[in-house]
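Computed from heavy atoms alone, side chains included, the values below leave out hydrogens, waters and symmetry copies.
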Amino acid sequence: MEAYGLTERQLDLLKHTSVVLNSISLVSTFLVSLTYLMFKKHRVPSLLNTIFTCVSFCLCVALIVTPAFNYTPILTNTIPCYLQAMSIQFFGSLIVNWWLVISLNLYLMLIRQYTEQEIRERFMIYYHIFAWGPPTLQTLIPLFFRRYHVNIPPFYCWLENDEKNIWQFSCFYGEMIFFSAIGTLLWFRIIYAACTLQKAKRTKILTNYLLRHIVFILMYILIFSIMVANRVYQALKDESIYFPLLYGQTISLSAQGALVAAVLGLTRENFRLWKSFFASRFC
């Protein structure tokens with residue numbers, strides 16, 4: 001039995017993969033966000049990481065709703081459809097913007113040698129304006145023009161998938177491509193600067209902070225690339241690799257929360273903080 005170009009087995013694979021990976025992402029991003037909020041909320045890099053993991057958590061909530069209910073179709077122009085569509089659009093755009101902010105912050109600290117205090121005083125307000133402003137507009141404008149519809153497959157509500165892909169490109173993919181290009185350039189510049197540091201200083205920075213954020217930036221460059229490739233092949237109507245790209249996007253989107261939690265949260269410092277916390281409460 002085939003549904004919307006996919007077999008029943010393929011739909012089941014999409015559902016189970018999405019549910020499992022989103023569930024892991026939900027738990028892991030919640031724990032990392034809690035760690036940052038409890039122990040590190042006053043530091044600028046940690047504040048940016050906290051916001052990012054919280055946004056990642058919310059995106060996982062929006063994505064898991066549809067597969068968790070067996071891909072039951074949501075009717076267009078209903079309140080559940082609008083809520084899911086706006087959530088995916090808003091938090092998806094936030095992911096892109098805050099990712100670029102974290103990349104830029106790493107560049108300012110490593111290349112331009114700004115201190116944490118200088119960044120807090122000079123740039124923090126601009127970080128928030130840039131990261132929250134455009135996604136808000138990109139979410140409200142399609143709502144005003146009634147451009148949120150059911151996307152099939154896999155039955156989730158998002159921007160309409162019209163023939164010319166105008167809304168998806170202008171409100172999401174265009175921004176993703178542009179910001180990914182900027183972030184990639186920053187990533188190469190950061191790598192070059194890290195490689196030219198003196199050996200002792202390079203070892204200290206890489207092990208404590210820099211290496212994790214380099215991996216973090218690269219990870220999302222790959223995720224964004226998979227999403228853009230999937231959208232391009234959908235526009236070209238190339239069915240030969242439609243499911244592999246759709247499945248790759250499902251894996252990357254569903255697992256992104258768990259990956260960012262692993263990269264930014266699995267540190268000796270975090271384990272030590274929790275060990276001290278439990279020791280002070282129960283010992």
Side-chain angles (χ1 to χ4, degrees), residues 25-26 29-30 32-38 40-63 65 82-109 112 114 116-145 147-148 157-159 167-184 186-187 213 216-217 219-221 223-224 227-228 253 256-257 259-261 263-265:
S25 292
L26 284 172
T29 51
F30 173 78
V32 173
S33 299
L34 185 64
T35 302
Y36 279 115
L37 288 170
M38 289 181 63
K40 304 180 179 182
K41 60 184 178 180
H42 299 300
R43 297 171 55 186
V44 170
S46 298
L47 175 60
L48 300 181
N49 293 344
T50 303
I51 295 173
F52 192 92
T53 53
C54 289
V55 170
S56 178
F57 173 85
C58 294
L59 180 61
C60 291
V61 172
L63 291 172
V65 171
Y82 281 122
L83 288 176
Q84 185 185 44
M86 293 177 67
S87 298
I88 292 175
Q89 173 65 14
F90 183 63
F91 293 113
S93 297
L94 283 178
I95 286 282
V96 178
N97 286 38
W98 278 112
W99 170 80
L100 186 59
V101 166
I102 292 175
S103 304
L104 178 61
N105 188 71
L106 184 59
Y107 171 83
L108 293 176
M109 293 181 67
R112 303 299 297 273
Y114 282 104
E116 185 175 324
Q117 184 64 28
E118 289 175 327
I119 289 176
R120 184 184 296 274
E121 294 175 355
R122 297 181 59 180
F123 299 106
M124 204 63 190
I125 183 64
Y126 299 108
Y127 286 172
H128 283 286
I129 293 173
F130 168 77
W132 296 103
T136 301
L137 293 176
Q138 291 169 308
T139 303
L140 294 178
I141 291 175
L143 177 65
F144 179 79
F145 288 99
R147 297 299 179 180
Y148 289 126
C157 287
W158 191 44
L159 295 169
W167 284 95
Q168 289 191 5
F169 182 81
S170 61
C171 291
F172 188 75
Y173 285 105
E175 175 193 53
M176 178 185 290
I177 294 171
F178 181 64
F179 286 171
S180 295
I182 297 175
T184 302
L186 292 175
W187 184 77
H213 284 75
F216 165 80
I217 295 171
M219 179 179 70
Y220 274 91
I221 290 175
I223 291 174
F224 296 155
M227 294 177 63
V228 171
L253 276 178
Q256 56 86 25
L259 292 173
V260 72
V263 172
L264 300 181

Flag side-chain contact, heavy atom, 4.5 Å: [X] against [Y]:
X	Y	result
Phe91	Leu63	no
Leu159	Phe169	no
Met86	Pro142	no
Ile182	Leu186	yes
His128	Trp98	yes
Val32	Val260	no
Val263	His213	no
Tyr173	Phe224	no

Less than 6.0 Å separating the ring centroids of Phe216 and Phe52?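 Ring-ring flag for Phe216/Phe52: true, centres closer than 6.0 Å.
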
Kindly assign one of parallel, tilted or perpendicular to the pair [X] and [Y], based on the angle between their ring planes and the thresholds 30° and 60°.
X	Y	answer
Phe179	Phe130	tilted
Phe145	Trp167	tilted
Tyr82	Tyr148	perpendicular

Search all heavy atoms of [X] against all heavy atoms of [Y] and return the closest pair with its distance.
X	Y	answer
Tyr127	Leu104	CE2-CD2, 4.3 Å
Gln256	Ser25	N-OG, 4.3 Å
Glu175	Pro134	OE2-CB, 4.4 Å
Pro135	Asn97	CD-ND2, 3.5 Å
Ser103	Ile217	OG-CG1, 3.5 Å
Gly257	Ser56	CA-OG, 3.2 Å

Interatomic spacing from CE in Met176 to CD1 in Ile223 - rounded to 0.5 Å: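 Met176 CE to Ile223 CD1: 9.5 Å, rounded to 0.5 Å.
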
Any chance you could measure Phe172, atom CZ, to Ile177, atom CD1, to the nearest 0.5 Å?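 Nearest 0.5 Å value for the CZ-CD1 distance: 10.5 Å.
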
What do you reckon, is OH of Tyr114 surrounded by more than 12 foreign heavy atoms closer than 6.0 Å?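 Yes, because the 6.0 Å sphere around OH of Tyr114 holds more than 12 heavy atoms from other groups.
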
